[in-house]
Amino acid sequence: MSTFSFDQLINRTGTQSVKWDKTDLVFGAKDVLPFWVADMDFQAPPNVLQTINERVKHGIFGYTSPTESTANALSSWVKNKHQWTIDHEWITYSPGVVFALSMAIQAFTEPGDSILIQPPVYTPFFNMIEVNDREVVENPLKLAGDKYEIDFADLEKKFAEGVKLMILCSPHNPVGRVWTKEELKKLADLCQKYNVLIVSDEIHSDLIYHPYKHIPISMVSEDAANRTITCMAPSKTFNIPGLQASAIIIPNEKLRTQYVQQQQKQGFSNLNTFGIIGLEAAYSEGGEWLEALLVYLKKNVDLVTGFISEHLPELRVVQPEGTYLLWIDCNKLHLSEEELHERLLEKGKIAVEKGEKYSSTYGKGFIRLNIGCSHEQLQEGLNRLKIALT
(Lines give C-alpha, C1' and ligand atoms only; values in the text may rest on other atoms or scores of the structure.)
Protein backbone atom coordinates (compact mmCIF):
# COMPACT_ATOMS: atom_id res chain seq x y z
CA MET A 1 0.00 0.00 0.00
CA SER A 2 1.30 3.47 -0.90
CA THR A 3 2.68 5.64 1.89
CA PHE A 4 2.12 8.80 -0.16
CA SER A 5 -0.96 10.95 0.32
CA PHE A 6 -2.21 13.42 -2.24
CA ASP A 7 -5.29 14.48 -0.27
CA GLN A 8 -3.64 17.31 1.66
CA LEU A 9 -4.94 20.77 0.79
CA ILE A 10 -2.00 23.17 0.70
CA ASN A 11 -2.49 26.93 0.50
CA ARG A 12 -0.38 28.14 -2.45
CA THR A 13 -1.44 31.78 -2.42
CA GLY A 14 1.34 34.23 -1.70
CA THR A 15 4.02 31.93 -3.15
CA GLN A 16 4.38 33.73 -6.49
CA SER A 17 2.29 30.94 -7.98
CA VAL A 18 1.14 31.67 -11.52
CA LYS A 19 -1.80 29.33 -11.03
CA TRP A 20 -3.01 30.79 -7.75
CA ASP A 21 -1.63 34.33 -7.53
CA LYS A 22 -2.10 35.40 -11.16
CA THR A 23 -5.56 33.99 -11.89
CA ASP A 24 -7.33 37.30 -11.34
CA LEU A 25 -4.87 39.05 -13.65
CA VAL A 26 -5.18 36.42 -16.40
CA PHE A 27 -8.95 35.90 -16.20
CA GLY A 28 -10.07 39.29 -14.91
CA ALA A 29 -12.07 37.65 -12.15
CA LYS A 30 -11.51 37.27 -8.42
CA ASP A 31 -12.54 34.45 -6.10
CA VAL A 32 -12.32 31.79 -8.80
CA LEU A 33 -10.93 28.30 -8.27
CA PRO A 34 -8.03 27.65 -10.70
CA PHE A 35 -7.88 24.54 -12.88
CA TRP A 36 -5.92 26.07 -15.73
CA VAL A 37 -2.11 26.31 -15.97
CA ALA A 38 -0.43 22.88 -16.03
CA ASP A 39 1.12 22.39 -12.64
CA MET A 40 -0.23 20.21 -9.86
CA ASP A 41 -1.23 21.14 -6.31
CA PHE A 42 0.85 18.32 -4.82
CA GLN A 43 4.17 18.67 -3.02
CA ALA A 44 7.18 17.24 -4.83
CA PRO A 45 8.36 13.74 -3.82
CA PRO A 46 9.79 13.60 -0.28
CA ASN A 47 13.28 12.68 -1.48
CA VAL A 48 13.35 15.77 -3.71
CA LEU A 49 12.35 17.99 -0.80
CA GLN A 50 14.93 16.36 1.45
CA THR A 51 17.71 16.78 -1.11
CA ILE A 52 16.89 20.45 -1.60
CA ASN A 53 16.67 21.08 2.15
CA GLU A 54 20.08 19.50 2.69
CA ARG A 55 21.54 21.67 -0.05
CA VAL A 56 20.00 24.79 1.53
CA LYS A 57 21.60 23.89 4.86
CA HIS A 58 24.99 23.76 3.14
CA GLY A 59 24.48 27.48 2.60
CA ILE A 60 26.81 28.13 -0.34
CA PHE A 61 25.26 28.65 -3.75
CA GLY A 62 28.15 29.16 -6.11
CA TYR A 63 28.22 28.31 -9.80
CA THR A 64 27.10 24.75 -10.47
CA SER A 65 27.04 22.43 -13.46
CA PRO A 66 25.46 19.05 -14.26
CA THR A 67 27.81 16.12 -13.72
CA GLU A 68 27.97 12.46 -14.65
CA SER A 69 25.57 11.73 -11.81
CA THR A 70 23.02 14.02 -13.49
CA ALA A 71 23.37 12.18 -16.77
CA ASN A 72 23.27 8.82 -14.97
CA ALA A 73 20.00 9.71 -13.27
CA LEU A 74 18.40 10.74 -16.56
CA SER A 75 19.71 7.87 -18.67
CA SER A 76 18.76 5.27 -16.03
CA TRP A 77 15.26 6.71 -15.77
CA VAL A 78 14.75 6.70 -19.54
CA LYS A 79 16.11 3.16 -19.80
CA ASN A 80 13.94 1.79 -16.99
CA LYS A 81 10.80 3.76 -17.83
CA HIS A 82 10.85 3.73 -21.63
CA GLN A 83 13.43 1.06 -22.56
CA TRP A 84 15.41 3.71 -24.42
CA THR A 85 19.20 3.48 -24.13
CA ILE A 86 20.84 6.86 -24.53
CA ASP A 87 24.49 7.88 -24.50
CA HIS A 88 25.52 10.62 -22.11
CA GLU A 89 27.05 12.60 -24.95
CA TRP A 90 23.58 12.93 -26.51
CA ILE A 91 22.35 14.98 -23.55
CA THR A 92 22.31 18.72 -23.24
CA TYR A 93 20.29 20.76 -20.77
CA SER A 94 17.80 23.60 -20.98
CA PRO A 95 15.92 25.72 -18.43
CA GLY A 96 12.69 24.59 -20.07
CA VAL A 97 11.13 22.84 -23.04
CA VAL A 98 9.63 26.02 -24.51
CA PHE A 99 13.10 27.61 -24.49
CA ALA A 100 14.40 24.48 -26.22
CA LEU A 101 11.70 24.72 -28.89
CA SER A 102 12.77 28.25 -29.69
CA MET A 103 16.44 27.24 -29.78
CA ALA A 104 15.67 24.38 -32.17
CA ILE A 105 13.62 26.63 -34.44
CA GLN A 106 16.49 29.12 -34.59
CA ALA A 107 19.16 26.45 -35.03
CA PHE A 108 17.55 24.39 -37.78
CA THR A 109 15.34 26.75 -39.78
CA GLU A 110 15.47 30.21 -41.33
CA PRO A 111 12.95 33.07 -41.20
CA GLY A 112 10.10 32.26 -43.53
CA ASP A 113 10.54 28.49 -43.30
CA SER A 114 7.48 26.31 -42.72
CA ILE A 115 7.09 24.46 -39.41
CA LEU A 116 4.29 21.95 -38.91
CA ILE A 117 2.21 21.41 -35.77
CA GLN A 118 -0.91 19.35 -35.02
CA PRO A 119 -3.71 21.43 -33.50
CA PRO A 120 -5.44 21.63 -31.16
CA VAL A 121 -2.05 21.80 -29.46
CA TYR A 122 0.00 23.46 -26.72
CA THR A 123 -0.10 27.20 -27.33
CA PRO A 124 3.69 27.92 -27.21
CA PHE A 125 4.08 25.79 -30.35
CA PHE A 126 2.26 28.54 -32.25
CA ASN A 127 3.99 31.31 -30.32
CA MET A 128 7.57 30.13 -30.77
CA ILE A 129 7.11 29.67 -34.51
CA GLU A 130 5.54 33.08 -34.96
CA VAL A 131 7.91 35.12 -32.78
CA ASN A 132 10.83 33.59 -34.67
CA ASP A 133 9.31 34.73 -37.98
CA ARG A 134 8.59 31.25 -39.30
CA GLU A 135 5.37 30.06 -40.93
CA VAL A 136 2.91 27.89 -39.02
CA VAL A 137 1.63 24.93 -41.05
CA GLU A 138 -1.25 23.00 -39.48
CA ASN A 139 -1.96 19.29 -39.73
CA PRO A 140 -5.16 19.18 -37.63
CA LEU A 141 -5.85 16.07 -35.61
CA LYS A 142 -9.13 14.28 -36.39
CA LEU A 143 -11.58 13.44 -33.64
CA ALA A 144 -12.65 9.92 -34.57
CA GLY A 145 -15.22 8.61 -32.14
CA ASP A 146 -13.78 9.10 -28.66
CA LYS A 147 -10.16 9.84 -29.55
CA TYR A 148 -8.01 11.91 -31.84
CA GLU A 149 -6.02 10.52 -34.75
CA ILE A 150 -3.35 11.85 -37.10
CA ASP A 151 -4.56 12.74 -40.59
CA PHE A 152 -1.68 11.13 -42.47
CA ALA A 153 -2.97 12.04 -45.93
CA ASP A 154 -3.03 15.71 -44.98
CA LEU A 155 0.33 15.35 -43.22
CA GLU A 156 2.02 14.03 -46.36
CA LYS A 157 0.43 16.76 -48.45
CA LYS A 158 1.80 19.43 -46.10
CA PHE A 159 5.26 17.81 -46.02
CA ALA A 160 5.33 17.74 -49.82
CA GLU A 161 4.75 21.50 -49.87
CA GLY A 162 8.11 22.11 -48.22
CA VAL A 163 7.91 21.79 -44.43
CA LYS A 164 11.38 21.96 -42.86
CA LEU A 165 10.60 20.94 -39.28
CA MET A 166 7.78 19.36 -37.32
CA ILE A 167 7.04 19.89 -33.62
CA LEU A 168 5.49 16.71 -32.26
CA CYS A 169 3.56 16.70 -28.99
CA SER A 170 4.01 13.21 -27.53
CA PRO A 171 1.99 12.53 -25.41
CA HIS A 172 -0.33 15.17 -26.79
CA ASN A 173 -1.41 18.23 -24.84
CA PRO A 174 -4.35 18.92 -24.62
CA VAL A 175 -6.07 15.87 -26.19
CA GLY A 176 -4.26 13.25 -24.08
CA ARG A 177 -3.24 10.87 -26.87
CA VAL A 178 -0.30 8.51 -26.37
CA TRP A 179 0.85 7.73 -29.90
CA THR A 180 1.29 4.07 -30.79
CA LYS A 181 4.44 2.60 -32.27
CA GLU A 182 2.64 2.15 -35.59
CA GLU A 183 1.58 5.82 -35.67
CA LEU A 184 5.07 7.02 -34.77
CA LYS A 185 6.70 4.75 -37.35
CA LYS A 186 4.37 5.99 -40.10
CA LEU A 187 5.08 9.59 -39.09
CA ALA A 188 8.84 9.01 -38.96
CA ASP A 189 8.82 7.35 -42.39
CA LEU A 190 7.12 10.42 -43.88
CA CYS A 191 9.68 12.67 -42.20
CA GLN A 192 12.43 10.58 -43.81
CA LYS A 193 10.73 10.69 -47.22
CA TYR A 194 10.43 14.49 -47.17
CA ASN A 195 13.55 15.23 -45.11
CA VAL A 196 11.69 16.85 -42.21
CA LEU A 197 13.39 17.32 -38.84
CA ILE A 198 11.44 16.39 -35.71
CA VAL A 199 11.39 18.27 -32.43
CA SER A 200 9.52 15.98 -30.06
CA ASP A 201 8.08 17.51 -26.90
CA GLU A 202 7.87 14.49 -24.57
CA ILE A 203 7.49 16.39 -21.32
CA HIS A 204 4.38 14.36 -20.34
CA SER A 205 5.97 11.02 -21.25
CA ASP A 206 5.98 9.65 -17.68
CA LEU A 207 2.32 10.45 -17.02
CA ILE A 208 0.74 7.50 -18.81
CA TYR A 209 -2.31 5.49 -17.77
CA HIS A 210 -2.43 1.70 -17.99
CA PRO A 211 -2.41 -0.04 -20.46
CA TYR A 212 -0.89 2.66 -22.68
CA LYS A 213 2.84 2.93 -23.25
CA HIS A 214 4.93 5.94 -24.23
CA ILE A 215 7.45 5.30 -27.00
CA PRO A 216 10.09 7.96 -27.73
CA ILE A 217 9.94 8.58 -31.46
CA SER A 218 13.73 8.28 -31.61
CA MET A 219 13.30 4.58 -30.85
CA VAL A 220 11.25 3.67 -33.93
CA SER A 221 14.15 3.67 -36.41
CA GLU A 222 17.77 4.69 -36.83
CA ASP A 223 16.74 7.44 -39.22
CA ALA A 224 14.20 8.79 -36.72
CA ALA A 225 16.91 8.98 -34.07
CA ASN A 226 19.16 10.87 -36.45
CA ARG A 227 16.56 13.53 -37.24
CA THR A 228 14.96 13.98 -33.84
CA ILE A 229 15.53 16.43 -31.00
CA THR A 230 13.76 14.98 -27.95
CA CYS A 231 12.72 17.29 -25.11
CA MET A 232 12.13 15.72 -21.69
CA ALA A 233 11.88 17.06 -18.15
CA PRO A 234 10.99 16.02 -14.61
CA SER A 235 8.86 19.15 -14.26
CA LYS A 236 5.39 17.77 -15.07
CA THR A 237 6.13 14.28 -13.73
CA PHE A 238 7.25 15.38 -10.26
CA ASN A 239 5.61 18.82 -10.12
CA ILE A 240 8.85 20.81 -10.10
CA PRO A 241 8.52 23.17 -13.10
CA GLY A 242 9.70 26.09 -10.96
CA LEU A 243 13.14 24.47 -10.68
CA GLN A 244 13.58 25.00 -14.43
CA ALA A 245 15.48 21.94 -15.55
CA SER A 246 14.94 20.05 -18.81
CA ALA A 247 16.97 17.55 -20.81
CA ILE A 248 17.36 17.75 -24.58
CA ILE A 249 18.47 14.48 -26.15
CA ILE A 250 20.05 14.66 -29.62
CA PRO A 251 21.77 11.50 -30.95
CA ASN A 252 22.93 13.19 -34.18
CA GLU A 253 26.25 14.89 -33.41
CA LYS A 254 25.88 17.51 -36.14
CA LEU A 255 22.41 18.52 -34.97
CA ARG A 256 23.55 18.51 -31.35
CA THR A 257 26.44 20.85 -32.14
CA GLN A 258 24.11 23.23 -34.01
CA TYR A 259 21.66 23.21 -31.13
CA VAL A 260 24.29 23.83 -28.44
CA GLN A 261 25.80 26.67 -30.45
CA GLN A 262 22.39 28.33 -30.68
CA GLN A 263 21.95 28.11 -26.90
CA GLN A 264 25.38 29.63 -26.43
CA LYS A 265 24.40 32.55 -28.65
CA GLN A 266 21.61 33.27 -26.18
CA GLY A 267 24.05 33.30 -23.26
CA PHE A 268 22.80 30.06 -21.70
CA SER A 269 25.44 27.88 -20.07
CA ASN A 270 24.11 25.84 -17.13
CA LEU A 271 21.09 24.93 -15.07
CA ASN A 272 20.60 26.49 -11.66
CA THR A 273 21.70 24.65 -8.52
CA PHE A 274 18.27 23.46 -7.46
CA GLY A 275 17.30 22.46 -10.96
CA ILE A 276 20.27 20.10 -11.13
CA ILE A 277 19.78 18.45 -7.76
CA GLY A 278 16.00 18.33 -8.19
CA LEU A 279 16.34 16.57 -11.53
CA GLU A 280 18.81 14.07 -10.11
CA ALA A 281 16.77 13.32 -7.01
CA ALA A 282 13.50 12.96 -8.91
CA TYR A 283 14.87 10.63 -11.56
CA SER A 284 16.96 8.63 -9.08
CA GLU A 285 14.33 7.90 -6.43
CA GLY A 286 10.96 9.20 -7.61
CA GLY A 287 9.57 6.05 -9.20
CA GLU A 288 7.46 4.83 -6.29
CA TRP A 289 5.96 8.29 -5.77
CA LEU A 290 5.05 8.49 -9.46
CA GLU A 291 3.29 5.14 -9.41
CA ALA A 292 1.16 6.31 -6.48
CA LEU A 293 0.45 9.59 -8.26
CA LEU A 294 -0.78 7.82 -11.40
CA VAL A 295 -3.24 5.76 -9.34
CA TYR A 296 -4.54 8.95 -7.74
CA LEU A 297 -4.81 10.81 -11.04
CA LYS A 298 -6.70 7.92 -12.65
CA LYS A 299 -9.24 8.16 -9.84
CA ASN A 300 -9.57 11.84 -10.69
CA VAL A 301 -10.17 10.97 -14.35
CA ASP A 302 -12.91 8.56 -13.27
CA LEU A 303 -14.38 11.15 -10.90
CA VAL A 304 -14.70 13.72 -13.70
CA THR A 305 -16.03 11.22 -16.23
CA GLY A 306 -18.65 9.88 -13.83
CA PHE A 307 -19.74 13.32 -12.65
CA ILE A 308 -20.15 14.71 -16.15
CA SER A 309 -22.00 11.62 -17.33
CA GLU A 310 -24.48 11.99 -14.48
CA HIS A 311 -24.86 15.75 -14.14
CA LEU A 312 -23.70 17.31 -17.43
CA PRO A 313 -24.47 14.72 -20.13
CA GLU A 314 -24.24 17.30 -22.90
CA LEU A 315 -20.48 17.49 -22.26
CA ARG A 316 -18.05 14.87 -23.54
CA VAL A 317 -14.74 14.03 -21.90
CA VAL A 318 -12.09 12.92 -24.39
CA GLN A 319 -10.65 10.00 -22.43
CA PRO A 320 -6.97 10.68 -21.72
CA GLU A 321 -4.32 8.05 -22.34
CA GLY A 322 -1.77 10.28 -20.64
CA THR A 323 -1.26 13.67 -18.87
CA TYR A 324 -3.30 15.20 -16.04
CA LEU A 325 -5.16 17.48 -18.43
CA LEU A 326 -8.69 16.69 -19.58
CA TRP A 327 -10.03 17.92 -22.92
CA ILE A 328 -13.78 18.41 -22.62
CA ASP A 329 -16.20 19.06 -25.49
CA CYS A 330 -18.90 21.59 -24.59
CA ASN A 331 -20.22 22.21 -28.10
CA LYS A 332 -23.61 20.57 -27.50
CA LEU A 333 -24.41 23.42 -25.10
CA HIS A 334 -24.58 25.68 -28.16
CA LEU A 335 -22.94 28.55 -26.29
CA SER A 336 -20.59 31.06 -27.86
CA GLU A 337 -17.03 31.16 -26.54
CA GLU A 338 -17.88 34.35 -24.69
CA GLU A 339 -21.04 32.92 -23.14
CA LEU A 340 -19.29 29.70 -22.10
CA HIS A 341 -16.46 31.41 -20.28
CA GLU A 342 -18.62 34.14 -18.81
CA ARG A 343 -20.72 31.42 -17.19
CA LEU A 344 -17.65 29.57 -15.94
CA LEU A 345 -16.06 32.64 -14.41
CA GLU A 346 -19.02 34.66 -13.19
CA LYS A 347 -21.58 31.99 -12.36
CA GLY A 348 -19.40 29.01 -11.51
CA LYS A 349 -16.33 30.86 -10.21
CA ILE A 350 -14.01 28.38 -11.92
CA ALA A 351 -11.02 29.14 -14.15
CA VAL A 352 -10.17 26.66 -16.92
CA GLU A 353 -8.27 27.02 -20.18
CA LYS A 354 -10.28 28.00 -23.25
CA GLY A 355 -10.14 25.49 -26.05
CA GLU A 356 -9.61 28.22 -28.62
CA LYS A 357 -6.24 28.87 -26.98
CA TYR A 358 -5.06 25.60 -28.55
CA SER A 359 -6.61 26.38 -31.93
CA SER A 360 -9.00 29.15 -32.89
CA THR A 361 -10.62 26.67 -35.30
CA TYR A 362 -10.28 23.21 -33.78
CA GLY A 363 -10.51 24.18 -30.12
CA LYS A 364 -13.79 26.06 -30.23
CA GLY A 365 -16.31 24.84 -27.72
CA PHE A 366 -13.73 22.87 -25.71
CA ILE A 367 -12.16 23.48 -22.33
CA ARG A 368 -8.99 22.04 -20.77
CA LEU A 369 -9.32 21.01 -17.14
CA ASN A 370 -6.28 20.40 -14.92
CA ILE A 371 -7.03 17.46 -12.59
CA GLY A 372 -3.67 17.58 -10.76
CA CYS A 373 -5.24 18.30 -7.38
CA SER A 374 -6.90 16.59 -4.43
CA HIS A 375 -10.15 14.68 -4.86
CA GLU A 376 -11.80 17.21 -2.56
CA GLN A 377 -10.68 20.20 -4.60
CA LEU A 378 -11.64 18.51 -7.86
CA GLN A 379 -15.10 17.70 -6.51
CA GLU A 380 -15.57 21.36 -5.60
CA GLY A 381 -14.48 22.31 -9.12
CA LEU A 382 -17.00 19.89 -10.64
CA ASN A 383 -19.76 21.30 -8.46
CA ARG A 384 -18.89 24.75 -9.74
CA LEU A 385 -18.85 23.47 -13.31
CA LYS A 386 -22.38 22.15 -12.80
CA ILE A 387 -23.55 25.48 -11.36
CA ALA A 388 -22.03 27.31 -14.32
CA LEU A 389 -23.50 25.15 -17.05
CA THR A 390 -26.96 24.27 -15.76
I'd like to know if the side chain of Lys386 reaches the main chain of Leu312, judged simply by a donor and an acceptor atom lying under 3.5 Å from each other, with no hydrogens or angles considered. no
Any sub-3.5 Å donor-acceptor pair from Glu337's side-chain atoms to Gly365's backbone N or O? yes
Please identify which of these residues, Gln263, Gln266, Gln258, Arg134, meets the side chain to side chain donor-acceptor pair (under 3.5 Å) condition with Gln106. Gln266
Less than 3.5 Å apart, any donor N or O on the side chain of Thr273 or Thr64 sitting next to an acceptor on the other? yes
So that I can tick it off, tell me whether Asp189 and Lys193 are bridged by a salt bridge, with the cut-off set at under 4.0 angstrom between side-chain N and carboxylate O. no
Quick one: are Gln319 and Val301 in side-chain contact, heavy atoms under 4.5 Å? yes
Should Leu340 and Val26 be regarded as members of a common hydrophobic cluster, given that ILVMFWY residues are connected when their side-chain heavy atoms come within less than 4.5 Å of each other, either directly or indirectly? no
Stepwise side-chain contact (heavy atoms from CB on, under 4.5 Å) check, Glu138 with Thr361: CA-CA 11 Å; Glu138 298 188 5; Thr361 302; 5.7 Å; no
Main chain of Val175, side chain of Lys147: is a donor-acceptor contact present, judged purely on distance under 3.5 Å? no
Would you say the side-chain atoms of Asp151 pair up with the backbone N or O of Pro140, donor to acceptor, closer than 3.5 Å? no
Is it true that the side chains of Asn173 and Thr323 contain a donor and an acceptor less than 3.5 Å apart? no
When you measure from the side chain of Ser76 to the backbone of Ala73, do you find a donor-acceptor pair of N or O atoms at a distance under 3.5 Å? no
Other hydrophobic cluster members with Val178, side-chain heavy atoms of Ile/Leu/Val/Met/Phe/Trp/Tyr under 4.5 Å, chained? Ile208, Tyr212
Any pair counted as salt bridge (charged side-chain N to carboxylate O under 4.0 Å, His left out), so long as it reaches residues 198-225, sequence neighbours left out: Asp223-Arg227
Leu143 side chain near Leu141 side chain, heavy-atom distance below 4.5 Å: no
Is there a donor-acceptor contact under 3.5 Å from the side chain of Asp329 to the main chain of Val318? no
Could you check whether any side-chain N or O of Asp154 sits under 3.5 Å from a backbone N or O of Asn139, counting only pairs where one atom can act as donor and the other as acceptor? no
Tell me whether Trp179 contacts the main-chain N or O of Cys169 through its side chain, where contact means a donor paired with an acceptor under 3.5 Å. yes
Look up atom CG in Asn132 and atom OG in Ser102, then write down how far apart they are to the nearest 0.5 Å. 4.0 Å
Within residues 332-381 or reaching into it, pairs that qualify as ring-ring contact (aromatic ring centres under 6.0 Å, His included) - sequence neighbours excluded: Tyr296-His375, Trp327-Tyr358, Trp327-Phe366
Hey, are the side chains of Leu290 and Leu207 touching, using non-hydrogen atoms and a 4.5 Å cut-off? yes
Any Lys/Arg nitrogen of Glu339 or Arg343 sitting under 4.0 Å from an Asp/Glu carboxylate oxygen of the other? no
Considering only residues two or more places apart or on different chains, which pairs with a residue in residues 164-183 satisfy salt bridge (charged side-chain N to carboxylate O under 4.0 Å, His left out)? Asp113-Lys164, Arg177-Glu183, Arg177-Glu321
OG/Ser359 to CD/Gln118 distance, rounded to the nearest 0.5 angstrom? 12.5 Å
Would you compute the distance between atom NE2 of His82 and atom CE of Met232 and round it to the nearest 0.5 angstrom? 4.5 Å
Please report the interatomic distance OG1(Thr230) to CD1(Ile248), rounded to the nearest 0.5 Å. 9.0 Å
Using atom types as modelled, flag every donor-acceptor pair under 3.5 Å from a side chain in residues 32-45 to any protein atom, sequence neighbours excluded.
from, atom 1, to, atom 2, distance (Å)
Trp36, NE1, Lys19, O, 3.2
Trp36, NE1, Thr23, OG1, 3.0
Asp39, OD1, Arg12, NH1, 3.1
Asp39, OD2, Arg12, NH2, 3.1
Asp41, OD1, Arg12, NH1, 2.7
Asp41, OD1, Trp20, NE1, 2.9
Asp41, OD2, Lys19, NZ, 3.2
Asp41, OD2, Gln377, NE2, 2.9

Report the residue from Val136, Val163, Ile105 that forms a side-chain contact (heavy atoms from CB on, under 4.5 Å) with Ile115. Ile105
Counting C-beta onward and ignoring hydrogens, is there a side-chain heavy-atom pair between Ile367 and Leu385 closer than 4.5 Å? yes
What pairs of donor and acceptor atoms, side-chain ones from residues 275-282 against any protein atom, are under 3.5 angstrom apart with sequence neighbours left out?
from, atom 1, to, atom 2, distance (Å)
Glu280, OE1, Ser69, OG, 3.1
Glu280, OE2, Ser69, OG, 3.1
Glu280, OE2, Thr70, N, 3.4
Glu280, OE2, Thr70, OG1, 2.6

Hey, is the main chain of Glu356 close enough, under 3.5 Å, to the side chain of Ser360 for a donor-acceptor pair? no
Exam field: side chain Gln83 to backbone Asn80, donor-acceptor pair closer than 3.5 Å: yes
